[in-house]
Amino acid sequence: MAVDLTVRERILEAGYACVARYGLAKTTVEDVARASRLSRATIYRYFPGGKDQLLRDVIAWETGRFFGRLAEAVAGAPDFPSLLEEALLFAHRAVEEHEVLQKVLQTEPGRLLPQLTVESERVLVFIRRFLVPYLEREHLRDGVEPEEAADYVARLLLSFIGNQGRWDLTDPAQVARLVRTELLAGVLAPTGGD
Amino acid sequence: MTLVERVGTQEQRVIDAALRCIARWGIGKTTLDDVAREAACSRATIYRLFPGGKEALLDAVARNELDRFFSGLAQRFDEAPTLEDLLVDGIVYASRALSGHEALQFVLAYEPELVLPKVAFHHADRVLSAVSAFAAPYLAPHVGEEGAPRLVVVSAAAPPRRRRRGAPRRRVGGASGSDLHTRPRRWRRRGRRRVRPPPGDEVRRSRARVPTSRKSTQRSPQLRSVLQCQPTKT
């Protein structure tokens with residue numbers, strides 16, 4: 001696997017491994033150099049901002065990978081509602097089981113959350129773009145554009161992924177209800193007399 | 001002591017002074033000396049008013065700001081004749097209050113680690129249920145006891161954004177492409193606003209209703225459908 005990685009990715013992967021082991025505060029450029037078997041100079045060449053930039057990019061990289069995995073996991077869903085259901089089930093489980101994320105959230109939330117908040121804008125764009133083609137095929141409520149609908153659904157998805165509130169997102173029946181009432185009722189045209 | 005009882009007291013002067021200091025230097029660098037100078041009192045006075053020093057003072061400042069925010073919001077809610085007005089006015093008020101809050105904006109820009117852990121991920125539940133508990137009585141007359149808490153959760157779901165270091169100060173948190181700061185001109189109602197009796201009042205209950213005009217359907221179909229809680233057919 002390491003063969004195909006660009007140098008940048010190799011550094012990011014090593015950085016991620018270091019964060020998993022030492023946490024955000026204690027990871028040093030030296031650690032990342034050792035883990036990636038590169039010199040410190042090489043790392044500074046790719047990340048001139050040093051540790052701050054490196055960690056920021058590691059967080060962005062892993063966030064991107066996370067949502068890439070999510071997109072892959074749901075791509076085969078038979079219809080749009082089940083796609084959203086699968087996305088919520090998968091993402092909720094993946095967040096809970098993400099050991100590095102949970103560890104850093106426990107021990108260094110102050111270092112992680114400001115980055116994640118900045119990152120969430122990019123994630124929103126990513127989810128929006130992912131959803132638009134699906135929404136274009138759906139029968140939307142009068143006056144609702146696919147882009148608007150995608151933004152609405154993306155925000156709700158992200159919010160529920162972050163915290164489930166009064167829903168139990170491990171229960172497929174509840175997730176199905178959540179998707180049909182709160183996510184889709186806002187954007188899809190009602191079907192038949194309801 | 002509530003906000004109103006405290007007006008004009010020395011306690012309030014110190015709290016206001018602390019807030020100005022935070023807007024200027026942030027939470028970390030504000031010292032009790034700074035606050036004392038700003039409030040034109042001695043440090044001993046601050047310790048007398050807030051036994052526990054800086055921690056206790058910061059607590060009081062945070063409580064003060066929350067009280068102020070929610071009493072302003074309650075006033076908007078009280079005055080809104082329809083559910084749509086209530087939501088529009090509430091959102092505009094909240095986004096203005098947050099983006100115009102200099103101390104909050106400073107802390108979000110330069111010391112986000114002091115605030116965000118208290119409101120993100122699992123802690124967001126606490127915030128959402130607090131907001132939910134606050135807003136439910138105002139929404140209940142419009143959408144029924146059952147729908148109210150759900151509506152609040154949907155409305156509050158948009159995550160707040162913070163200004164990036166060095167980026168121009170944005171007036172709106174989390175608006176992403178739409179300007180929540182200004183009420184659209186066509187939504188502005190003409191003439192004086194009728195003041196409603198407080199929630200729970202029978203008169204209010206009987207008059208309150210979900211807007212049903214065709215126009216309002218066109219304005220915010222998403223909102224309407226969530227309010228009506230219509231599931232799409234499976």
Side-chain angles (χ1 to χ4, degrees), chain A residues 79-82 95 101-102 105 108-118 120-121 123-125 128 138-144 147-149 151-167 176-177 179-194, chain B residues 107-129 131-132 147 149-165 167 173-178 214-215 217-234:
Chain A
D79 55 44
F80 191 54
S82 23
V95 165
L101 171 67
Q102 292 300 335
L105 272 181
E108 315 175 89
R111 281 172 185 275
L112 177 65
L113 291 172
Q115 299 293 341
L116 280 189
T117 313
V118 172
S120 75
E121 296 185 30
V123 170
L124 268 182
V125 173
R128 234 164 28 217
E138 296 292 326
H139 183 37
L140 300 182
R141 290 179 163 270
D142 283 350
V144 176
E147 285 76 20
E148 284 173 9
D151 185 57
Y152 174 86
V153 175
R155 278 169 179 265
L156 284 175
L157 274 179
L158 202 56
S159 167
F160 282 114
I161 291 171
N163 77 96
Q164 58 180 356
R166 53 197 196 84
W167 296 86
R177 211 170 89 76
V179 163
R180 281 167 177 77
T181 53
E182 288 183 20
L183 268 67
L184 289 180
V187 295
L188 297 192
T191 48
D194 208 337
Chain B
V107 174
L108 282 179
Y110 299 107
E111 305 171 297
E113 70 279 0
L114 297 181
V115 178
L116 293 178
K118 294 186 174 33
V119 296
F121 280 91
H122 301 301
H123 297 287
D125 280 345
R126 242 181 22 194
V127 179
L128 283 178
S129 50
V131 174
S132 189
R150 285 186 40 188
L151 173 58
V152 181
V153 173
V154 172
S155 324
R161 288 227 211 130
R162 84 188 180 94
R163 187 163 62 102
R164 284 208 192 100
R165 233 165 258 225
S176 171
S178 51
R214 168 120 182 86
K215 217 167 136 203
T217 317
Q218 287 168 339
R219 280 181 202 158
S220 52
Q222 294 165 352
L223 184 61
R224 280 186 57 68
S225 64
V226 172
L227 301 186
Q228 292 164 347
C229 304
Q230 289 176 347
T232 48
K233 274 278 165 62
T234 50

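Keep in mind that this is a model prediction, so the values were computed, not measured. Because only heavy atoms are used, hydrogens play no part in the values below, and waters and symmetry mates are left out as well, while side chains stay in.
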Subject >> For the student: nearest non-hydrogen atoms of B/E113 and A/P114, plus distance >> reply: N-CG, 3.9 Å

**OP:** Kindly compute the distance separating OG (B/S129) from CZ (A/R166), expressed to the nearest 0.5 Å.
**Re:** 11.5 Å

Original post:
Between A/L105 and chain B, which part of the residue has a heavy atom less than 4.5 Å away: side chain, backbone, both or neither?
Top reply: side chain

Original post:
Donor-acceptor pair, A/N163 side chain versus B/A124 backbone, under 3.5 Å?
Top reply: no

Subject >> Distance (rounded to the nearest 0.5 Å) between B/H123 NE2 and A/L113 CG >> reply: 8.5 Å

Original post:
Rounded to the nearest 0.5 Å, how far apart are CD of A/Q115 and CG of B/L116?
Top reply: 10.5 Å

Subject >> Region of A/L112 in contact with chain B, defined by heavy-atom distances below 4.5 Å >> reply: neither

Original post:
Can you list the residues that meet the side-chain hydrogen bond (donor to acceptor under 3.5 Å, both in side chains) rule with A/S82, with sequence neighbours excluded?
Top reply: A/D79

